[in-house]
Amino acid sequence: MAGKMRRSEAGSSSGSSSSGSGSSRGETVVVDCGRCKSSCGYCKSPGRTSISHGLWAHSITVDDYQDLLDQGWRRSGCFLYKPEMERTCCPSYTIRLRASDFVPSKEQQRVSRRVQRKLLVEGGKDLLYSSNIAFQIAATLNRAKSANKEPSPNLENNAITAKAIAETLVASVDQLAQSSSSLAVRACNGHINFYGAATQSPTESSETLSGPEESARGCKRKSCCSRKNSEHLLGKRRRLEVRLKRSSFDPEEFDLYRRYQINVHNDAPDHVTESSYRRFLVDSPLVFVPPSGDSLVPPCGFGSFHQQYVIDGHLIAVGVIDILPKCLSSKYLFWDPDYAFLSVGKYSALQEINWVKENQVHCPSLQHYYLGYYIHSCSKMRYKAAYRPSELLCPLRYQWVPIDVASPLLDKKPYVVLSDFALLQNGESLLPHVPEKITDEQQHDDNVHGDLNDILVDDNEEMVEPETETSDDESGPETSGHGSVEIENGDVSEILIGLKGARVRYQDLRAAFGVKEQKYLESQLHRYKRSVGAELSKRIVYSLG
């Protein structure tokens, strides 16, 4: 460095800057890893063909991470990455759906009914139907109240709850149901559940069956016999609990993860270590935001969570998720291979979509369900398009484009500026397009469903961030040919720099560097600004140590 910056100078500079998310939610501090190249976990190419921009996050606010998701970023533990779409072997598009618009397919409905049929929800009775209409009624009434009245500190205390509405509705509906002894209506935390008398089918008998080896004799489809024996693990119908907990290390979860990776993904046992598991699915840079008691934060708060699926005290699956101001972002799912017959991947996705719907009454900004990345050229990714109506993020303008529009374009080439085709300029009709593989193959492939969101970093041997490689000859913007959209490269002066505990704009720091140091650092800052966007570059702390 040509000179040293005094802390007092840095302090005065940082005083004029804003974190954008409010000091109560912390700040985002990252280290720029530059361009990263690694082997690809999707196409399994022999070379280091997966290319992305990487950031190591010391901390990140939920607001900043929400904005990063909406610019194509994802996280694996504390490592943030964004594919360089024009260069990487498998362009990865962020995919999401609006939870309130979700329409389950017939296969998804079958999965839900199968779980309800085999698992006990309320003692001795079959759950025939469950309605969340009370949540929608409560949200509508509360919005109407807030629109007609002046804001007041007591407004929350007077809020109409879904639980109260459900109990009121049940009181009326139950009178109609009393005429039938085989039907009961109950309110449960805002849900209205309809139960029928319990019945026991031959497949739900508690008699002991022979083991998998004996049952498979004479049967050419051993997987069929294995499935039937796995189903018998339930015996009599059991109770399913779904528990949401903040991300932390749990030995029982790790044992399940280890078994899942070895048996489902064929990982070598010595590669599935506790340290790699912690880095991948436990460590999180997200700054937890506790519930605030208003309509800005859900009852669980914002941050990183593990959603456990437990049958009679036995952990069968864990969904790793991030709950953010505008969405639930699904990160990874691992499950007990013995319970594959329940289609846990599909069922967990349905549960997560339903969670967003239910929590809109507490936090109206929660609208979307993010399914991670969608890679059209990867057949194992096609199942994500079955959650409809979904949309993909344009990698250039960051506009959302319906997947029915994007799919035929991606059939032709893997990288497309989707927003160019959102409004057809040539007058040709682009009919909604659903690849056959979604309905005929991927809807039924439970081994790949729900667990491919963050395989890119996970597929490296030690689950660490890919090796960083930067080269001056490849430093050009990925938006070549679209100069009107590209961020101006000449201005990095407003980027917020972190140095020795101080926060200062780069324009106030430039003089502290020599000419060569300035040239090198500014080339890195240009690339960083293109990756995160101009606004985030002013809020996120770019740490230099």
Side-chain angles (χ1 to χ4, degrees), residues 36-45 49-55 65-77 79-97 265 280-281 319-322 324 326-334 345 348-349 352-353 368-388 390-396 398-403 406-407 409-411 413-418 435 437-438 442 445 448-460 463 465-466 478 531-532:
C36 307
K37 295 183 179 181
S38 67
S39 58
C40 182
Y42 300 113
C43 65
K44 307 294 183 181
S45 63
T49 57
S50 179
I51 304 174
S52 63
H53 192 116
L55 299 173
Y65 187 52
Q66 176 71 67
D67 289 344
L68 285 171
L69 281 183
D70 292 335
Q71 295 196 53
W73 289 83
R74 295 275 301 167
R75 76 172 185 89
S76 179
F79 183 71
L80 309 178
Y81 58 98
K82 177 182 180 180
E84 293 194 2
M85 298 288 278
E86 284 186 314
R87 294 188 176 96
T88 192
C89 56
C90 295
S92 307
Y93 297 82
T94 301
I95 182 172
R96 75 175 188 182
L97 65 84
H265 287 292
F280 181 40
L281 296 178
V320 182
I321 60 177
D322 291 327
L324 304 171
K326 297 179 182 179
C327 74
L328 183 155
S329 174
S330 179
K331 177 173 170 54
Y332 203 74
L333 176 81
F334 53 94
S348 68
E352 290 166 0
I353 294 171
H368 291 94
Y369 177 59
Y370 283 54
L371 293 87
Y373 283 139
Y374 174 79
I375 300 177
H376 193 70
S377 59
C378 178
S379 62
K380 290 184 178 181
M381 279 285 192
R382 295 292 183 94
Y383 76 88
K384 293 185 180 184
Y387 294 87
R388 303 174 62 81
S390 55
E391 49 191 1
L392 302 182
L393 183 67
C394 174
L396 178 63
Y398 306 120
Q399 298 172 357
W400 293 96
V401 177
I403 199 166
S407 290
L409 302 172
L410 296 173
D411 283 340
K413 56 181 181 178
Y415 173 72
V416 178
V417 178
L418 298 176
K437 290 185 179 180
I438 293 177
Q442 297 303 329
D445 193 345
V448 302
H449 196 283
D451 57 20
L452 289 173
N453 285 346
D454 290 300
I455 197 172
L456 177 132
V457 178
D458 174 42
D459 222 45
N460 290 301
M463 287 188 192
E465 67 276 17
E478 70 175 40
S531 295
V532 303

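Taken to the nearest 0.5 Å, the OH atom of Tyr373 stands 6.5 Å off from the OG atom of Ser92. To the nearest 0.5 Å, atom CG of residue Leu371 and atom CG of residue Leu392 are 10.5 Å apart.
In this structure, Ser50 and Thr88 have side chains that are in contact, with non-hydrogen atoms separated by less than 4.5 Å. The closest side-chain heavy-atom distance from Trp73 to His53 is below 4.5 Å. For the pair Tyr93 and Ile403, the minimum side-chain heavy-atom distance is 4.5 Å or more. When side chains are defined from C-beta on, Val532 does not count as touching Gln71, because their heavy atoms never get closer than 4.5 Å. Inter-residue side-chain proximity for Glu86 and Pro395 is flagged as unmet; no heavy-atom pair is nearer than 4.5 Å.
Not a single donor-acceptor pair under 3.5 Å links the side chain of Lys384 to the backbone N or O of Ile95.
Annotation for Ser531 and Lys82: closest pair O-NZ, 2.9 Å, computed over non-hydrogen atoms. Scanning both residues, Cys90 and Ile375, for their nearest heavy atoms gives CB-CG2, 4.0 Å. Taking both residues in full, the closest heavy atoms of Gly54 and Phe79 are given as CA-CZ, 3.7 Å, listed atom of the first, atom of the second, then distance.
Residues satisfying the side chain to side chain contact (heavy atoms under 4.5 Å, CB included) test with Asp67, not counting sequence neighbours, are Leu536, Arg539. In this structure, Glu352 has no salt bridge (Lys or Arg N to Asp or Glu O under 4.0 Å) partners at least two apart in sequence or on a different chain. Taking Leu393 as the reference, Thr94, Tyr398, Trp400 meet the side chain to side chain contact (heavy atoms under 4.5 Å, CB included) condition, with sequence neighbours excluded.
Using a 30° and 60° split on the angle between ring planes, Tyr332 and Phe334 fall in the tilted class, from 30° to 60°. Using cut-offs of 30° and 60° for the angle between ring planes, the His368 and Tyr370 rings count as perpendicular.
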Point to revise | Worked check of salt bridge (charged side-chain N to carboxylate O under 4.0 Å, His left out) between Asp322 and Arg75 | key: CA-CA 10 Å; Asp322 291 327; Arg75 76 172 185 89; 3.0 Å; yes
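With Cys89 as reference, Cys40 is the one residue of Cys40, Pro83, Pro414 to meet the side chain to side chain contact (heavy atoms under 4.5 Å, CB included) rule.
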